[in-house]
Amino acid sequence: MINEKATVIKNEKLATGVYSTVFKTGIAGLCRAGQFVMIGTKSDSRLLRRPISICGADSEAGEIRLVYRVAGYGTEELSRAEKGDSFEILGPSGNGFPVDKAENRERILLIAGGIGAPPLLYLSRALKKAGTERERMTAVLGYRGVNAGIFLNKEFEEYAEVVLSSDDGSTGVHGTVMDAVREKEILPDIIYACGPLRMLKAVKALAAEKGIPAYISLEERMACGVGACLGCTVKTRHTDSHSHVNNARICTEGPVFEAEEVEI
Amino acid sequence: MSVDLSVTIAGTVFKNPVMDASGTFGSGMEYAEFTDLNRLGAVVTKGVSNVPWEGNPTPRIAETPSGMMNAIGLQNPGIDVFIKRDLSFLSDFDTNVIVNVCGHTEEEYIEVVERLAGESRVQMLEINVSCPNVRTGGIAFGTDKRMLERVTSLVKKKAKQPVIMKLSPNVTDISEMAKAAEAGGADAISLINTLMAMKIDIYNRKFAIANRTGGLSGPAIRPVAVRMVYDASHAVKIPVIGMGGITSGEDAVEFMMAGASAVAVGMYNFHDPEAMIKVIGGIESFCVKTGVKDIHEIIGCI
Ligand SMILES: Cc1cc2nc3c(=O)[nH]c(=O)nc-3n(C[C@H](O)[C@H](O)[C@H](O)COP(=O)(O)OP(=O)(O)OC[C@H]3O[C@@H](n4cnc5c(N)ncnc54)[C@H](O)[C@@H]3O)c2cc1C
Ligand SMILES: Cc1cc2nc3c(=O)[nH]c(=O)nc-3n(C[C@H](O)[C@H](O)[C@H](O)COP(=O)(O)O)c2cc1C
Ligand code: FES
């Protein structure tokens with residue numbers, strides 16, 4: 001892991017309240033899809049770092065990209081960043097998505113709810129690198145609707161067949177990502193997902209019903225991001241490796257878990 | 001000019017007066033990539049109990065102005081795994097190890113203390129009688145002076161290492177509590193643990209922390225902590241380890257002037273994983289700047 005001041009290379013708005021920021025950092029040479037960074041604010045009143053997934057990395061250029069929705073102080077500050085600004089950044093944290101599990105699968109389904117899309121875009125690129133043909137991958141991307149805007153969908157096109165859904169019916173299937181999976185009769189044999197808890201619960205149920213593996217990325221409040229504070233736990237089916245109870249650390253044993261392993 | 005930063009607490013020599021505050025640094029393992037543990041005065045480990053503890057439901061943490069609240073509930077793997085994994089890990093480092101001990105009952109504290117008696121890697125024990133986030137034990141012992149004195153003397157009878165009693169700030173008179181620990185035979189006291197606090201998520205009409213209340217830490221509590229360290233260190237003869245919102249060498253010096261022989265850095269480790277190294281450097285440059293040759297010149301100097 002690296003802890004350093006990283007410089008902003010580029011910052012752009014993708015949709016209402018959604019931004020993409022590229023940083024120059026050594027983390028680019030270490031990270032994989034599904035991992036995240038802890039990024040500091042410049043305020044001496046907001047002392048905790050914010051966890052943000054890595055949306056992409058260019059190890060040669062030494063650059064990583066973060067895509068995030070403005071949700072409060074830290075993300076708002078980041079959204080105003082200009083080229084040359086710098087932020088304290090720590091990472092890569094967490095385990096990442098298991099790319100190898102997709103190896104012999106016929107139909108790989110990526111499900112992203114809203115701002116869950118960034119780590120899955122990174123994953124789709126990693127899957128392609130691992131030799132997964134575009135025909136085997138479907139990405140279902142769910143959005144709130146017209147007002148919240150649509151983002152990253154074009155970038156997914158290169159790696160996967162893309163299905164869109166929106167809560168207000170303004171784009172793609174009218175409804176949730178799960179409605180879209182049903183309506184388009186997608187029959188996956190493995191799922192990777194990131195999004196709101198309600199969606200992840202539905203993904204877990206779907207995977208259990210079909211008897212297929214699903215790897216889901218979870219969120220929790222984090223203080224350290226390195227496994228020291230035990231603030232970010234999730235109830236697990238089996239005894240966790242750190243505390244030997246049934247509470248794994250999302251920042252360290254996660255954020256990606258096999259759905260049937262976690263009690264959500 | 002070289003400055004002597006070493007201090008001695010209950011016969012144990014610390015190369016410098018800086019250590020982590022229990023629960024904010026794991027057992028050092030999680031931060032060893034960022035902080036050379038050999039440079040610390042001590043590594044203080046996360047609270048450990050006789051058997052594994054699950055801790056509280058999530059959310060367990062919330063950010064607050066210049067600080068944070070936590071209600072981890074002392075999740076830990078229990079003393080067996082701790083000795084096998086965490087103590088073995090720490091064997092490779094040249095620093096003191098202070099083990100923070102928690103329990104629901106006197107018997108549970110004693111069990112852990114006895115299990116550690118034969119562990120030569122452990123220089124001191126810190127007895128956490130001040131965790132605000134577990135219902136029984138913990139803080140109950142730390143807020144009643146008779147119970148505090150009693151548990152201190154019971155622990156002292158079984159302990160093979162010097163005993164630090166970690167005091168709660170959630171009391172009316174900290175001096176009384178410091179005296180009770182001293183009367184029970186404590187070799188040192190440490191303070192402050194977190195201040196009981198509450199935060200409400202007004203838009204969802206919910207508590208920000210599942211446990212409803214949590215312990216407040218960070219720079220927000222520093223002036224309270226400095227006052228309590230001052231009061232406690234003037235009430236007893238045993239050494240005091242001070243903590244509460246330390247972020248820099250200057251903050252550490254402030255605690256030492258108030259009477260602390262050593263200091264601990266807590267939630268600021270989360271903000272900056274290299275914080276303690278900077279605090280050590282900061283104390284040293286303060287001394288150089290102001291002509292202090294031996295750190296003892298500033299301990300309790302006001
Ligand atoms: C592993 C992980 C990966 C994430 N990846 C992304 C991403 O790629 N893009 C994105 O837009 N968001 C992501 N999030 C959510 C993101 O962390 C929060 O939106 C962000 O912390 C909000 O900070 P703020 O300062 O803007 O809000 P504030 O309300 O000012 O934050 C106050 C405190 O609450 C914490 N907090 C608030 N919301 C969340 C949340 N949803 N999850 C965890 N902590 C929260 C903050 O970190 C901070 O400590 C991720 C969260 C996790 C746990
Ligand atoms: C996440 C977290 C976990 C903690 N766990 C423990 C613990 O296990 N035992 C203990 O005695 N104190 C624990 N504390 C209290 C700290 O050791 C310290 O007393 C307090 O946080 C004040 O210092 P600070 O303001 O520098 O953080 C914990 C504090 C935090 C923030
Ligand atoms: S955020 Fe501290 S253990 Fe996960």
Side-chain angles (χ1 to χ4, degrees), chain A residues 1-5 30 38-51 71-74 87-93 197 218-236 239-254 262-264, chain B residues 20 23-35 45-48 51-78 80-82 85-86 208-210 214 217-220 245 247 266-274:
Chain A
M1 260 189 266
I2 290 180
N3 177 45
E4 65 180 10
K5 232 181 168 102
L30 304 173
M38 295 292 285
I39 182 158
T41 77
K42 298 186 193 295
S43 160
D44 56 9
S45 154
R46 316 278 183 152
L47 296 179
L48 295 182
R49 295 180 179 219
R50 276 59 176 155
Y73 183 88
F87 288 81
E88 293 291 345
I89 186 163
L90 168 76
S93 281
L197 191 60
L218 301 181
E219 274 187 11
E220 189 47 79
R221 304 283 148 152
M222 294 185 175
C224 71
V226 299
C229 74
L230 301 174
C232 66
T233 56
V234 58
K235 289 240 158 286
T236 52
T239 307
D240 70 82
S241 61
H242 176 269
S243 304
H244 296 249
V245 287
N246 291 69
N247 276 331
R249 300 165 299 184
I250 291 178
C251 71
T252 307
E253 281 81 53
V262 286
E263 314 280 342
I264 54 167
Chain B
D20 61 285
T24 64
F25 204 62
S27 53
M29 213 182 287
E30 292 78 5
Y31 277 110
E33 266 187 85
F34 309 107
T35 290
T45 56
K46 168 80 186 160
V48 62
V51 294
W53 281 13
E54 276 208 8
N56 289 325
T58 54
R60 292 176 171 184
I61 49 190
E63 188 180 62
T64 56
S66 295
M68 66 177 282
M69 282 168 56
N70 89 84
I72 308 298
L74 292 168
Q75 174 173 332
N76 81 86
D80 289 333
V81 171
F82 175 82
R85 180 185 61 199
D86 304 73
I209 287 190
S217 59
T247 69
M267 75 87 61
Y268 215 66
N269 289 309
F270 304 148
H271 177 77
D272 178 1
E274 295 160 48

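Nothing here was measured: the structure is a model prediction, and the numbers come from that model. Sequence lines set the chain letters: A, B, ... in the order given, protein chains first and strands last, and positions in each chain run from 1. The figures here come from the full heavy-atom set of this structure, side chains too, leaving out hydrogens, waters and symmetry mates.
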What part of [X] gets closer than 4.5 Å to chain A, counting heavy atoms only: side chain, backbone, both or neither?
X      : result
B/F82  : neither
B/F34  : side chain
B/M267 : side chain

In short, B/Y31 meets A/A228 closest at the heavy-atom pair CE1-CB, 3.5 Å
Of all the heavy-atom pairs spanning B/P77 and A/H242, show the shortest one and how long it is. CB-O, 3.7 Å
Show your working on side-chain hydrogen bond (donor to acceptor under 3.5 Å, both in side chains) between B/E274 and A/N3 and close with a plain yes or no. CA-CA 9 Å; B/E274 295 160 48; A/N3 177 45; 2.8 Å; yes
Let me know if [X] has heavy atoms under 4.5 Å from chain B in its side chain, its backbone, both or neither.
X      : value
A/T239 : neither
A/I2   : backbone
A/N247 : both

What distance separates B/I61 CD1 from A/L48 CG, expressed to the nearest 0.5 Å? 6.5 Å
Rounded to the nearest 0.5 angstrom, the CG-OG distance for B/N76 and A/S243 is 7.0 Å
So does [Y] get a backbone contact from the side chain of [X], meaning a donor-acceptor N/O pair under 3.5 Å?
X     : Y      : result
A/E88 : B/D272 : no
B/E30 : A/V226 : no
A/R46 : B/S66  : no
A/R49 : B/H271 : yes
B/E54 : A/V245 : no

Please identify, among [options], the residue contributing the most non-hydrogen atom pairs under 4.5 Å to chain A.
options                     : value
B/R60, B/M68, B/K46         : B/R60
B/T24, B/V81, B/T247, B/T64 : B/V81
B/E63, B/R85, B/E33         : B/E63

Any [X] side-chain heavy atom under 4.5 Å of [Y] side chain:
X      : Y      : result
A/M38  : B/F270 : no
B/T58  : A/T233 : yes
B/P219 : A/L47  : yes

Any idea which of A/G227, A/A223, A/C232 has the most non-hydrogen atom pairs under 4.5 angstrom with chain B? A/A223
